[in-house]
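Since the structure comes first, as structure tokens, the remarks are kept for the end.
Worth knowing before you read on, the calculation uses all heavy atoms, side chains too, and leaves out hydrogens, waters and symmetry mates. Letters A, B, ... are given to chains in the order of the sequence lines, protein chains preceding strands, and every chain is numbered from 1.
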2 protein chains.
Amino acid sequence: MIRTKSLSLHDQILADIKGNILNGSWAPGLRIPFEMELADSYGVSRATMNKVLTQLTQAGFLERRRKLGTVVCRPRIQSAVLEITDIEKQITGLGLAYSYALLTRRLVKDELSLSCLHFADTIPFCAEERVIQLKTVPEAALVDFAQTPPGTWLLAHMPWSTARHVISALNASSALAKKLNIKLGAACLAIERTTELNGQTLTHAHIIYPGDKYQMVAQFSPHLEG
Amino acid sequence: MIRTKSLSLHDQILADIKGNILNGSWAPGLRIPFEMELADSYGVSRATMNKVLTQLTQAGFLERRRKLGTVVCRPRIQSAVLEITDIEKQITGLGLAYSYALLTRRLVKDELSLSCLHFADTIPFCAEERVIQLKTVPEAALVDFAQTPPGTWLLAHMPWSTARHVISALNASSALAKKLNIKLGAACLAIERTTELNGQTLTHAHIIYPGDKYQMVAQFSPHLEG
DNA sequence: AAGTGGTCTAGACCACTAC
DNA sequence: TAGTGGTCTAGACCACTTA
């Protein structure tokens, strides 16, 4: 094992074992040495070794069973980490100038409905339809969202929440085509995001990107750097 | 704190603290008690408390700095876990019958190019264009892939690897429309998957779903169950 | 200089499960 | 019943950062 300086013991060992799995030295199905044996061979305590093996197990590389031992898992191209960035950051990250326009704002019952556009260098980047539940976010009724995009405002004013994203493809309707300045029927990428807090819906966003201007990238990298 | 039986101490404490953050009791920016104080208040050792706080930090809920203390992070709707399942499992998971057809198979230089279709109840579910690098997977040259889909075969015969997914929307070309039995220009969801092993490209897959038949779901659930 | 988190150890007991 | 992983503790030393 190559010992890199200024890296903790367990991180070095983790990188080493992960390397064995990723380069094929430790094939899926292989029963690897017992925790105590590994601890001895690396010259560390069982606690440190356990920390490493626990992390690798949580990351999906290993499967452990008492008495049976530790086995290398079959790869499952199954869960990938999808980066869903704030729209403003998406655009400025591309080196473009960001701007924003509120199209409509309607307040019906306990729902605030917003329709807005996000621009990259004055070109429409995506269209957003947003519904905010005022029962859960009453303060939103007092904001006009003329300057601040609802996503940005909500991110700053909400506590932690969970979100569910549905990604789909659709053909641009005439209204959408006008908004985004694209051809009627052009393929678009749609992201529907439902944000919840304590099981209650906070907000619902429908964000539509022209298919030729945007694509999402998901990296399968089992929750571990390296 | 509610103590659920048959759950480890650190898991109980983790659920408790995560609850405080998710329900807003501990707002973003709040400096929470020091590790020792929390350990005392929960009646556990510092090591156990550290395990909990380390996990929450890795999950993006907390930020810790020596001397300064531990602070609740701002939420970042940023990384979501995207489930990218095997196509056969996708279809059978919907309660439909899976079948598969190989359309073309060409061997040029060190690349094996395949074109195939996946069916759900005899209806085209998605089209797959696949290129396998024979330099990295020489065994693939001997397989005819008439019965076994390349994705399934590769998953079973490859060691661990990393993958990068690019998700986009496109209008169906005439050739694609015929294959999938959809209208010309219909919006489709396209997934481009590049699989690497030790930095070398293993295989490249281009999978296209009719936009009205399939959508992807990504759940933002910061690497922790609950 | 002091205080906090980061890491590591040695030892212990328990729970699960193959035998 | 024996062996392995799961968990927890008490104590220690170090590293980083603020004061």
Query raised in the report: When the ring planes of A:Tyr214 and A:Phe125 are compared, do they come out parallel, tilted or perpendicular, using 30° and 60° as the limits?
Result: perpendicular

Query raised in the report: Does the side chain of B:Arg64 pick up a donor-acceptor pair with the side chain of B:Thr57 at under 3.5 Å?
Result: no

Report summary line: Sorted by chain and residue number, the side-chain hydrogen bond (donor to acceptor under 3.5 Å, both in side chains) partners of B:Tyr98 (sequence neighbours excluded) come out as B:His118

Report summary line: Reading nucleotides 2-9 of chain C from 5' to 3' and marking B where a protein heavy atom lies under 4.0 Å of the base, S where only the sugar-phosphate is that close, and - otherwise, the string is BBBBBBSB

Query raised in the report: Given A:Tyr42 and A:Leu38, is the side-chain contact (heavy atoms from CB on, under 4.5 Å) satisfied, shown in steps?
Result: CA-CA 6 Å; A:Tyr42 280 112; A:Leu38 285 169; 4.2 Å; yes

Query raised in the report: Hey, are A:His10 and A:Thr48 close enough side-chain-wise for a donor-acceptor pair under 3.5 Å?
Result: no

